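First up is the structure itself, then whatever we jot down about it.
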Amino acid sequence: MRIAVLMGGLFFALCAGAWAQESKPAAATPVGAAVDFGPDYLLGPGDLIDIAVWKDETLTKAVIVLPDGKISFPLIGEIKAAGRTVAQLKQEIAKKISPYAPDPTISVEVRQVNSMLIYVIGRVNTPGVSR
């Protein structure tokens, strides 16, 4: 009897979860829009970030965090980005670029999050990539 009640509860929970997914489509982030994930978001491989040095157009670039966790930026070469917050990356870039641009004002924005993708496969309503 306990097993039947447990199985019924599990079935109800699964059906309710599937119904909730169908009734609320996921909101997509527009392509090209900057995304704010808060100060604690850790960058990961695949994330697209915009880096800009104020008053220097040649030091404005969109970069992708490579699978090894590094990014490449003019004048400073490769630096580790994965596992760091945006503020930590901004500090590192400012420190390394200061010999070339005195008192730099750096802007770092997460443009697109690709490190937190979930692939849904199998017998589901809508297979594919989810964020």
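Just so you know, residue 1 is the first one in the sequence shown, and it goes up from there. In this text the structure is predicted, and so the values were computed from the model without any measurement.
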Practice problem: Run the numbers on Val86 and Ile49 for side-chain contact (heavy atoms from CB on, under 4.5 Å), then give the verdict. | Solution: CA-CA 9 Å; Val86 171; Ile49 54 179; 5.9 Å; no
Quiz item: Under 4.5 Å between any side-chain heavy atoms of Val53 and Ile93, yes or no?
Solution: no
Quiz item: What's the spacing between Lys90 NZ and Ile106 CD1 if we round to 0.5 Å?
Solution: 8.5 Å
Quiz item: Would Leu66 end up clustered with Val108 when hydrophobic side chains under 4.5 Å apart are linked, directly or stepwise?
Solution: no
Quiz item: Closest heavy-atom contact between Pro104 and Ala94?
Solution: CG-O, 3.9 Å
Quiz item: Got a second to check how far Ile76's CD1 is from Glu92's CD, nearest 0.5 Å?
Solution: 7.5 Å
Exercise. Evaluate whether atom CG of Asp68 has more than 12 neighbouring non-hydrogen atoms of other residues, nucleotides or ligands under 6.0 angstrom away.
Key: yes
Quiz prompt | Closest contact, heavy atoms only, Glu78 versus Lys70 | solution = OE1-CD, 3.7 Å
Practice problem: Identify the two heavy atoms, one from Lys96 and one from Ile79, that lie closest to each other, and give their separation to 0.1 Å. | Solution: CD-CG2, 3.7 Å
Quiz prompt | Those residues that, when tested against Ser115, pass side-chain hydrogen bond (donor to acceptor under 3.5 Å, both in side chains) (two or more places apart) | solution = Tyr41, Asp47
Quiz item: Cluster question for you: counting only ILVMFWY and a side-chain heavy-atom cut-off of under 4.5 Å, with indirect links fine, are Leu42 and Val110 together?
Solution: no
Quiz item: What distance separates Asp56 CG from Leu75 CG, expressed to the nearest 0.5 Å?
Solution: 8.0 Å
Practice problem: Taking all heavy atoms of Leu48 and all of Ala62, pick out the closest pair and write down the distance. | Solution: CD1-CB, 4.3 Å
Practice problem: Considering non-hydrogen atoms only, spot the tightest contact between Ile71 and Ala81 and give its length. | Solution: CG2-CB, 3.9 Å
Self-check item: Contact summary for Pro74 and Lys61, nearest pair of heavy atoms
Solution: CD-CD, 3.9 Å
Practice problem: Evaluate the side-chain proximity of Leu59 to Tyr100: yes if any heavy-atom separation is below 4.5 Å, no if none is. | Solution: no
Quiz prompt | Verdict with supporting geometry, Thr85 and Leu43, side-chain contact (heavy atoms from CB on, under 4.5 Å) | solution = CA-CA 6 Å; Thr85 64; Leu43 296 168; over 6 Å; no
